[in-house]
Asks: 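The structure that follows is given in the form of structure tokens.
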Amino acid sequence: MRVATYNVNSVRARVGRVVDWLVREDIDVAGLQEIKCKPEQFPFDAFREAGYEVELHGLSQWNGVAFVSRLPMEDVEITFPSQPGFAKGHDGPDQPKEARAIGVTVEGVRLWSLYVPNGRELDDPHYAYKLDWLAKLAAETEGWLAERPDQPLALMGDWNVAPLDTDVWDLSVFEGHTHVSAPERAAFTRFEEIGLTDVVRPRLPEGYTYWDYKQLRFPKNEGMRIDFILGSAAFADLVTAAAIHRDERKGDAPSDHVPVVVDLDLETELDDDRPMIF
DNA sequence: ATGACCATGTATCATGGA
């Protein structure tokens, strides 16, 4: 089973090339972020004609997450239970929850498509929201892992955090701004502390997943690595290959992010004598 | 060529993105 995560930066603006990519790359299930539309605006037909069913959570022109899959999707869940809300100029507990998380189960594998809040600037309320959002998600994930330790689980999406200095082209450009701050990196590392691992980086140590549209960032390869697939131990055991589809940043009307893809082997029976590879 | 932001709606600017 081939699984992908892709921040498409508007599914309506890119439906043709996204569907072409799904078919050409033989993707079975993809978590999308920043679909930027409500359900009544989603281009269902283009995906269905290519053999993909759609589950989505979209509330407005901002954010929005989805799964497209040619395998059956079960147990669809929009937002995670403890997900914090946010609304500009509002404080307190009654803030609406944004469309930033959707979960589905495919072939027994639990998958979440996540669009982590950007944070904007270190002194912006959105930054505190981002840290809270990640902390609540980590606590939620601890519960899921405790409930179902043997179920393969992956959290994938646009994490809006560059965990390593080498995940941005020039750290000095980001100092004092979001994505590289110590609290954001600690919030990201928390997921590894509770037992998830980045299943892509061991196979692909190099490579960005995002390049700003501005200032020739892509031709100059001035990018960021902020899109990740974090898997439980049971998920990591299934992964046989990983890829970052850098070429999707080329051509007409690309997203500013590119897809991150993993192959899972759901056939092999694991046994206790299996040698450790990593 | 991979080339000097892009997408959306409130629309001829404001907002968000990272």
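Each chain gets a letter, A, B and so on, in the order the sequences are listed, and its residues count up from 1. Not measured: the values here are computed from a predicted model. Values below: every heavy atom of this structure, side chains too, minus hydrogens, waters and symmetry copies.
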Asks: Can you tell me, in whole Å, how much space there is between the C1' of B/dA18 and that of B/dC13?
Replies: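 Taking atom C1' in both B/dA18 and B/dC13, they lie 22 Å apart.
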Asks: If pairs are Watson-Crick or G-U with both distances under 3.5 Å, what is the dot-bracket string of DNA chain B, marking crossing pairs with [ ] and pairs to another strand with |?
Replies: ....(((((...))))).
Asks: Just the rounded figure in Å: distance from P of B/dG17 to CZ of A/Phe86.
Replies: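 Nearest whole value for this atom pair: 9 Å.
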Asks: Under the salt bridge (charged side-chain N to carboxylate O under 4.0 Å, His left out) rule, what pairs show up with a residue in residues 240-264 of chain A, not counting sequence neighbours?
Replies: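 Of all non-adjacent pairs touching residues 240-264 of chain A, those that pass salt bridge (charged side-chain N to carboxylate O under 4.0 Å, His left out) are A/Arg2-A/Asp263, A/Arg17-A/Glu248, A/Arg24-A/Glu248, A/Asp247-A/Lys250.
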Asks: If you link ILVMFWY side chains whenever their heavy atoms are less than 4.5 Å apart, which other residues fall into the same cluster as A/Leu131? By chain and number, please.
Replies: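 Result for A/Leu131 is A/Leu122, A/Tyr127.
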Asks: May I ask you to check whether A/Trp169 and A/Phe174 place their ring centers less than 6.0 Å from one another?
Replies: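 Here the rings of A/Phe174 and A/Trp169 have centres that are less than 6.0 Å from each other.
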Asks: On the nucleotide B/dA18, are OP1 or OP2 found under 4.0 Å from the side-chain N or O atoms that A/Arg120 carries?
Replies: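 Answer no for this pair, as no side-chain N or O of A/Arg120 is under 4.0 Å from OP1 or OP2.
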Asks: Which other residues end up in the same hydrophobic cluster as A/Leu164, if Ile, Leu, Val, Met, Phe, Trp and Tyr are linked when side-chain heavy atoms come under 4.5 Å apart?
Replies: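 Its cluster partners, ordered by chain and number, are none at all.
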Asks: With sugar-phosphate meaning primed atoms plus P, OP1 and OP2, does A/Asp124 contact a base, only sugar-phosphate, or nothing at under 4.0 Å between heavy atoms?
Replies: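 Result for A/Asp124 = nothing.
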Asks: Does this structure show an ion pair linking A/Arg185 with A/Asp165, if we count only N-O contacts that are shorter than 4.0 Å?
Replies: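 Salt bridge: yes.
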Asks: By the 4.0 Å heavy-atom rule, please label A/Phe174 as base, sugar-phosphate, or nothing.
Replies: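 Since no nucleic acid heavy atom lies under 4.0 Å of A/Phe174, the category is nothing.
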Asks: Indicate, with a heavy-atom threshold strictly under 4.0 Å, whether A/Tyr115 touches base, sugar-phosphate, or nothing.
Replies: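 Answer is sugar-phosphate: A/Tyr115 comes under 4.0 Å of backbone atoms only.
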Asks: Taking side chain to side chain contact (heavy atoms under 4.5 Å, CB included) as the criterion, tell me which of A/Glu184, A/Arg100, A/Lys130, A/Gln33 meets it with A/Val116.
Replies: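 Testing each of A/Glu184, A/Arg100, A/Lys130, A/Gln33 against A/Val116, the sole residue satisfying side chain to side chain contact (heavy atoms under 4.5 Å, CB included) is A/Lys130.
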Asks: Quickly, which of A/Asp167, A/Ile226, A/Val168 forms a side chain to side chain contact (heavy atoms under 4.5 Å, CB included) with A/His179? Name it, please.
Replies: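 Testing A/His179 for a side chain to side chain contact (heavy atoms under 4.5 Å, CB included) against A/Asp167, A/Ile226, A/Val168 leaves exactly one candidate, A/Ile226.
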Asks: Closer to the 5' end of DNA chain B via nearest nucleotide, is it A/Gln61 or A/Thr178?
Replies: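 Upstream on the strand: A/Gln61.
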Asks: Take the protein atom OH of A/Tyr129 and the nucleotide atom P of B/dA18, then report the distance between them rounded to whole Å.
Replies: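 Answer to the nearest Å: 13 Å.
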Asks: Rounded to the nearest angstrom, tell me the gap between atom CZ in A/Arg249 and atom P in B/dC6.
Replies: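 Distance check: A/Arg249 CZ to B/dC6 P gives 9 Å.
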Asks: So, is A/Arg12 close to the B/dG9 phosphate, meaning a side-chain N or O under 4.0 Å from OP1 or OP2?
Replies: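 Yes.
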Asks: Reckon A/Ser10 touches a base, only the sugar-phosphate, or nothing at all at heavy-atom distances under 4.0 Å?
Replies: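 Contact class for A/Ser10: sugar-phosphate only.
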Asks: Distance check needed: B/dA7 C1' versus A/Asn63 CG, whole Å only.
Replies: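 Rounded to whole Å, this separation is 13 Å.
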Asks: Would you mind writing out the side-chain donor-acceptor pairs for residues 46-56 of chain A within the sub-3.5 Å range, not counting sequence neighbours?
Replies:
residue: A/Tyr52; atom: OH; partner: A/Leu22; partner atom: O; Å: 3.3
residue: A/Tyr52; atom: OH; partner: A/Ile27; partner atom: O; Å: 2.5

Asks: For the pair made of CG in A/Asp256 and P in B/dA4, what is the distance, rounded to whole Å?
Replies: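 Those two atoms, CG and P, are 15 Å apart.
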Asks: Give a yes/no answer on whether the side chain of A/His257 brings an N or O atom under 4.0 Å of OP1 or OP2 in B/dA18.
Replies: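 Yes.
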Asks: Assuming nearest nucleotide by heavy-atom distance, tell me which of A/Arg246 and A/Ala253 is located more 5' along DNA chain B.
Replies: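 Closest to the 5' end, via its nearest nucleotide, is A/Arg246.
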Asks: Can you measure from CH2 (A/Trp112) to CG (A/Leu230) and round to the nearest 0.5 angstrom?
Replies: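 Between A/Trp112 CH2 and A/Leu230 CG, I get 14.5 Å after rounding to 0.5 Å.
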Asks: Work out how far the C1' atom of B/dA11 is from that of B/dC6, and round it to whole angstrom.
Replies: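 Those two atoms are separated by 16 Å.
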Asks: A/Asn7 has an atom CG; how far is it from atom C1' of B/dC6, in whole Å?
Replies: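 To the nearest whole Å, that distance equals 13 Å.
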Asks: Ignoring backbone atoms, test whether A/Gln41 places a side-chain nitrogen or oxygen under 4.0 Å from the OP1 or OP2 oxygen of B/dG9.
Replies: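 Yes.
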Asks: Please find out if less than 6.0 Å separates the ring center of A/Phe86 from that of A/Trp133.
Replies: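 No, the ring centres sit 6.0 Å or more apart.
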Asks: Taking OH from A/Tyr210 and P from B/dC5, how many angstroms apart are they, rounded to a whole number?
Replies: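 Taking OH of A/Tyr210 and P of B/dC5, I get 12 Å after rounding.
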Asks: Could you check whether A/Asn118 gets within reach of a base, just the sugar-phosphate, or nothing at all, counting any heavy atom under 4.0 Å?
Replies: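 The residue A/Asn118 makes base contact.
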Asks: With a 4.0 Å heavy-atom cut-off, tell me which residues in residues 215-225 of chain A come close to DNA chain B, sorted by residue number.
Replies: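 Residues of residues 215-225 of chain A under 4.0 Å from DNA chain B: A/Gln215, A/Leu216, A/Phe218, A/Pro219, A/Met224.
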Asks: Within less than 4.0 Å of OP1 or OP2 of B/dA18, is there a side-chain N or O belonging to A/Asn160?
Replies: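 It does, given that an N or O in the side chain of A/Asn160 lies less than 4.0 Å from OP1 or OP2 of B/dA18.
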Asks: Taking the P atom in each of B/dT10 and B/dC5, what is the distance between them to the nearest angstrom?
Replies: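 Each nucleotide's P atom is 27 Å from the other's.
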Asks: Determine, for A/Asp26 against A/Arg70, whether the closest basic-nitrogen to carboxylate-oxygen distance falls under 4.0 angstrom.
Replies: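 Yes.
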Asks: Starting from C1' on B/dA18, measure out to CH2 on A/Trp62 and report it in whole angstrom.
Replies: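 The answer, rounded to whole Å, is 14 Å.
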